Structure formats: C-alpha cells, structure tokens
Amino acid sequence: MRKTVLGLVLAVSSVAVAQPEFVVPDRIYASVGHECNVYFSNVFDSATPWAFAYEALCEKGRHEQHRWCWTPKKEDAGTSQRLVLRAVNDTGLVSAVTTTVTVAAMADTAKPVAMATLSASLVNCGYPRKVVEDMRKNGFAGFRAVGTRDGRKKASGGAVLPPVGPDEDIPRHDGYGGWTFESFLNRYQMTDDEISKVQNAAERQQLESMGLKLPAGQEWRKHLSKSPFIRIENGKKVLDVQMWLDKVNGGKPPEVIIMTLGINGTFGPRDEKALVDMVDGFQIPNAKKLLALLREKCPDSVIGLGTPYVGCSQDGFAENYGCIQSSVQFRHNVFYLARALMRFAAESGDPRLFVMPIGMAIDPLESYPQREGPAHARSTRKVWRDVNAIHPSDDGGWQVADAVVSFILGHWAEY
C-alpha cells in the first residue's frame with residue numbers, strides 16, 4: 001500500500017492483523033548448570049506483546065515478569081517438565097500453549113565432538129566460541145568448533161580473543177553477514193564480469209544499511225565471501241561438501257551442525273505477499289536443498305535448525321535502519337519464518353533434524369547493545385537506548401550459547 005503525504009510517496013507497512021498466539025516448538029532443551037530461558041515477548045506473536053499478562057505454569061523454575069527461567073540441578077538430569085504458557089488480558093485467556101522442557105542426561109565428557117556452524121551475521125555475538133569455552137570448562141576437553149573462519153574475532157573493532165585451549169585449536173565457524181540458505185549453495189567470488197550473476201543489488205543495500213560506505217563499480221563486492229562448499233571446475237561452480245570437510249574436520253562429518261539462517265531476506269518484506277514469497281518460495285526451498293546437500297556427506301550428523309532472534313526495541317531499529325524497517329514489521333516477519341522452519345523440520349522426515357529454540361533465550365530488554373545519550377536535542381538528561389536491532393551483546397551471546405549447549409547435550413548420546 002502506498003500513501004501520499006505532503007507530496008511524498010511513502011510505503012506503508014501492512015502487518016497482518018490476526019489473533020495473537022504463542023510460537024513455541026514442542027521441545028525446549030535444558031541442561032544441568034545452564035539457565036534455560038523463555039522470554040514471553042520472544043515467543044508471543046503480537047505487535048504489542050507487553051499489552052498482555054503472562055502465566056508460566058511448571059513444577060520447576062521461576063515465573064518472572066518477562067520470562068520463565070530454570071537452571072536444572074544434577075538431580076534433574078534426564079527428566080522432563082511440562083511447561084504451559086498463557087497470555088491473558090482483561091477479557092480473559094487470549095492464547096495458551098503446552099511444551100516439554102527436557103533436561104539432558106549426564107554425558108560422557110571424554111567423548112570428542114565437532115560442531116560446525118552455518119550462519120549469517122548472528123555469529124557476531126560470539127556464541128560458537130562461547131559454546132566451546134563453556135563445554136571445556138565443564139570437562140568436555142574433546143569438544144571443538146570447526147569451520148573456515150576464525151571464531152575468536154569479534155565483530156566490533158575487529159578484536160581477536162585468545163583461543164580456547166591449545167593455540168592450534170581455534171574455535172571456528174562458517175558465519176557470514178547477509179547470508180541465507182541459498183548463499184551456501186550459490187555464492188562464489190568470481191571475476192568482475194561473472195560476479196554480477198551471483199550477487200545482487202539487495203545485498204549492496206543491506207551492507208549500506210549496516211553503515212558500510214560502498215564505492216562505485218565492483219570494488220564493494222570484496223565485502224562478500226564465497227561459499228565454503230563451492231569450487232570451480234571447467235569454468236563452472238561445483239558443490240563439494242567433502243572439500244569443506246577435508247579442510248575443516250580431517251574429512252569427517254561433524255557430529256553436530258548448527259544452522260542459524262533465514263533472517264536475511266525475511267528481514268525486508270513489508271507486505272504479506274512479499275513475505276510469503278520470500279519464506280515459502282525462497283528460504284524454505286533452499287533450506288531443503290542445503291539439507292539434502294549436507295546429508296549426502298553427513299548422514300548421521302545431528303542438525304539444529306535455530307529459531308530466529310526476535311530483536312529488541314524500536315530504538316535499535318531506528319539506530320540501524322532509520323525508517324527503512326520497524327520492529328513491529330520485523331517481529332511479524334520473524335514469527336512467520338519461525339513457523340515455517342518448524343514445519344520444515346516436522347515434515348522433512350529427517351530423524352536427526354531438530355528445531356533448536358535459541359530465539360526465545362535472549363533477553364530483549366538487557367541483552368542487546370545500548371548507548372547512553374541525551375533524551376532529545378534540547379535535553380540535558382541522559383537515557384540509555386538500544387543501538388543494535390537484531391545482533392545481541394556479549395551477554396546475549398552467552399544466552400545463545402547456553403541454549404546451544406543444552407541442545408548439544410540433549411543429543412549427546414546420538415553422536
């Protein structure tokens with residue numbers, strides 16, 4: 001829909017109005033010593049999540065103002081708990097959902113496990129490295145994070161953190177800003193003439209929205225990476241997962257593959273048709289292709305399909321995107337994507353593909369970067385505002401790591 005105001009043509013968001021409801025997978029993973037979090041606004045599909053009151057009914061844990069949380073103890077290992085979430089307003093019950101919180105059984109800490117991470121810029125909160133650090137602290141000396149990129153590097157300022165364990169054992173991942181499922185299937189840096197057939201203008205716009213000043217011509221494309229699964233043979237792109245395995249894990253499949261993809265592309269739609277076309281017509285078909293590609297060489301790997309981050313306040317979106325995208329539209333898009341990912345996992349028939357609910361685990365109020373500044377141009381009073389819409393702070397990265405660790409331990413016996 002378009003609207004003219006004072007001679008300006010504006011695109012008007014068309015968030016679909018529907019009955020608010022919970023979007024929660026059937027299984028939530030927990031583990032001994034790690035806080036399990038369900039933040040209500042991260043799992044309740046409403047444009048105004050704080051207009052409702054919430055109830056969390058469970059024999060374990062704490063029902064706080066904005067979340068249900070629980071840190072299992074040793075005696076909880078191997079048990080399950082029924083968790084009921086309810087949203088109410090002054091007229092009564094609005095929505096309810098029941099899920100199961102499963103606590104991982106105590107694991108064999110001597111078992112070596114390799115974790116590969118395929119992601120977009122969501123790895124910038126450092127969760128692959130933090131997973132390794134936490135697993136090592138808990139006695140899992142043989143746990144490694146494998147990939148082609150150095151997981152010690154932090155996104156802000158390019159600082160490099162020390163390795164976890166021996167110097168040669170650097171936590172790694174394959175996370176790239178702006179990437180989708182499709183990127184791992186098609187992205188390759190070719191010549192300037194060839195590259196225009198692979199990259200697209202939407203990625204240029206995304207990089208510009210992130211603050212990168214991109215020069216004219218092809219030079220800006222140096223910011224975009226190539227898929228670790230692609231090589232060139234006789235002038236053509238060839239998908240070769242074994243080449244990646246040879247490089248990152250001695251030719252062997254990793255025991256666990258974490259995929260946090262789908263937000264890019266899903267970020268932008270501002271009308272329902274564009275959203276459906278992007279998710280159902282692009283993201284999910286390419287997720288199926290990527291899964292099939294991985295299964296050719298990694299038939300027994302446990303794959304965790306991460307639910308997307310819901311993001312923080314409108315202040316974070318204002319800081320990053322001005323008026324290009326709003327938090328309310330992004331929430332709508334993300335919940336649509338979350339449902340689609342859950343359906344994809346359920347309908348795949350793959351016994352080792354699971355939904356990994358990490359999106360619910362991030363504190364939307366306190367786990368995103370903030371900066372202090374004047375309340376407005378004439379104000380002498382300082383206030384704190386979110387300054388990143390989607391990418392969590394280091395604290396948020398630890399919360400993601402807690403959820404990933406619990407997922408890994410929940411399937412430890414299958415490796």
Side-chain angles (χ1 to χ4, degrees), residues 19-46 49-89 92-107 260 302 304-310 331 334-335 337-346 353-367 392 396 398-413:
Q19 178 73 10
E21 65 177 8
F22 287 101
V23 180
V24 178
D26 294 335
R27 182 179 181 184
I28 296 173
Y29 297 89
S31 59
V32 174
H34 297 93
E35 186 178 69
C36 178
N37 287 298
V38 180
Y39 285 92
F40 303 132
S41 70
N42 291 355
V43 295
F44 194 60
D45 184 9
S46 167
W50 302 122
F52 300 86
Y54 299 94
E55 294 179 322
L57 309 177
C58 187
E59 291 186 2
K60 298 282 188 175
R62 292 165 55 88
H63 172 197
E64 298 180 352
Q65 179 72 15
H66 300 298
R67 66 172 180 167
W68 171 84
C69 58
W70 180 34
T71 304
K73 299 178 181 179
K74 287 185 178 180
E75 55 266 31
D76 299 310
T79 66
S80 297
Q81 297 295 329
R82 181 171 178 262
L83 172 63
V84 178
L85 300 175
R86 292 160 45 94
V88 301
N89 60 17
L93 179 67
V94 175
S95 179
V97 68
T98 299
T99 186
T100 301
V101 181
T102 61
V103 185
M106 299 305 291
T260 50
V302 171
L305 197 61
T307 55
Y309 306 176
V310 179
R331 285 179 59 84
V334 161
F335 279 118
L337 172 63
R339 291 186 185 91
L341 292 173
M342 291 177 194
R343 285 197 304 271
F344 164 48
L353 175 68
F354 303 93
V355 173
M356 183 178 61
I358 58 176
M360 65 175 59
I362 308 168
D363 187 338
L365 302 176
E366 301 295 339
S367 286
W398 275 117
Q399 290 188 300
V400 175
D402 285 335
V404 174
V405 166
S406 293
F407 173 82
I408 292 170
L409 292 178
H411 293 284
W412 195 265

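This structure is a prediction, so every number in the text was calculated from the model and none was measured.
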For this session: Please check if the distance between the ring centroids of Phe407 and His34 is under 6.0 Å.
Result: no

Exercise. Are the aromatic ring centres of Tyr54 and His66 under 6.0 angstrom apart?
Worked result: no

Exercise. Is there a donor-acceptor pair under 3.5 Å between the side chain of Asn42 and the backbone N or O of Ile362?
Worked result: yes

Donor-acceptor list for residues 72-82 side chains, cut-off 3.5 Å, not counting sequence neighbours:
{"residue": "Asp76", "atom": "OD1", "partner": "Lys60", "partner atom": "NZ", "Å": "3.2"}
{"residue": "Asp76", "atom": "OD2", "partner": "Lys73", "partner atom": "N", "Å": "2.8"}
{"residue": "Thr79", "atom": "OG1", "partner": "Asp76", "partner atom": "O", "Å": "2.5"}

Problem set entry | Backbone of Gly359 reached by a side-chain donor or acceptor of Thr307 within 3.5 Å | yes

Seminar exercise, completed: CZ (Phe22) and CE (Met360) are apart, to the nearest 0.5 Å, by 10.5 Å

Exercise. Just checking, any donor-acceptor pair under 3.5 angstrom between side chains of Tyr39 and Glu64?
Worked result: no

Problem set entry | Over all atoms of both residues, closest heavy-atom pair of Ala345 and Leu353 | CA-CD2, 3.9 Å

Problem set entry | Main-chain N/O of Leu83 paired with Thr99 side-chain donor or acceptor, under 3.5 Å | no

For this session: Tell me, with the steps shown, if Glu21 and Ser95 meet side chain to side chain donor-acceptor pair (under 3.5 Å).
Result: CA-CA 5 Å; Glu21 65 177 8; Ser95 179; 5.7 Å; no

Exercise. Do any N or O atoms from the side chain of Arg331 and from the backbone of Phe44 form a donor-acceptor pair under 3.5 angstrom?
Worked result: yes

For this session: May I ask you to check whether over 12 heavy atoms, not counting those of Asp26, lie within 6.0 Å of atom CG?
Result: no

For this session: Mind listing the closest non-hydrogen atom pair of Val94 and Pro20 along with its distance?
Result: CG1-O, 4.1 Å

Exercise. Are Arg62 and Glu35 close enough for a salt bridge, meaning some N to O gap below 4.0 Å?
Worked result: no

Seminar exercise, completed: For Trp68 and Gly61, the nearest pair of non-hydrogen atoms, with its separation, is NE1-CA, 3.9 Å

For this session: Please lay out, stage by stage, how Leu305 and Met342 fare under the test side chain to side chain contact (heavy atoms under 4.5 Å, CB included).
Result: CA-CA 9 Å; Leu305 197 61; Met342 291 177 194; over 6 Å; no

Seminar exercise, completed: Rounded to the nearest 0.5 Å, the CZ atom of Arg86 sits from the CG atom of Leu93 at a distance of 5.0 Å

Exercise. To the nearest 0.5 Å, how far apart are OG in Ser406 and CD1 in Ile358?
Worked result: 12.0 Å

Problem set entry | Where Ala403 and Pro357 come nearest, the two heavy atoms and their spacing | CB-O, 4.5 Å

For this session: Quick one: pull up CE in Met356 and OG1 in Thr260 and give me the separation to the nearest 0.5 Å.
Result: 6.5 Å

Seminar exercise, completed: Output for pair (Phe354 CZ, Tyr29 OH), nearest 0.5 Å, gives 5.5 Å

Exercise. What closest approach, in Å, do Gly396 and Ser367 show between heavy atoms, and which atom pair accounts for it?
Worked result: CA-CB, 3.6 Å

Problem set entry | CG on Leu365 to OG on Ser41, rounded to 0.5 Å | 6.5 Å

For this session: Answer yes or no: is there an ion pair linking Arg67 with Asp363, defined by an N-O contact shorter than 4.0 Å?
Result: no

Exercise. Hey, is the main chain of Arg27 close enough, under 3.5 Å, to the side chain of Thr100 for a donor-acceptor pair?
Worked result: no

Exercise. What's the shortest heavy-atom distance between Ala107 and Leu409, and which atoms?
Worked result: CB-CD2, 4.4 Å

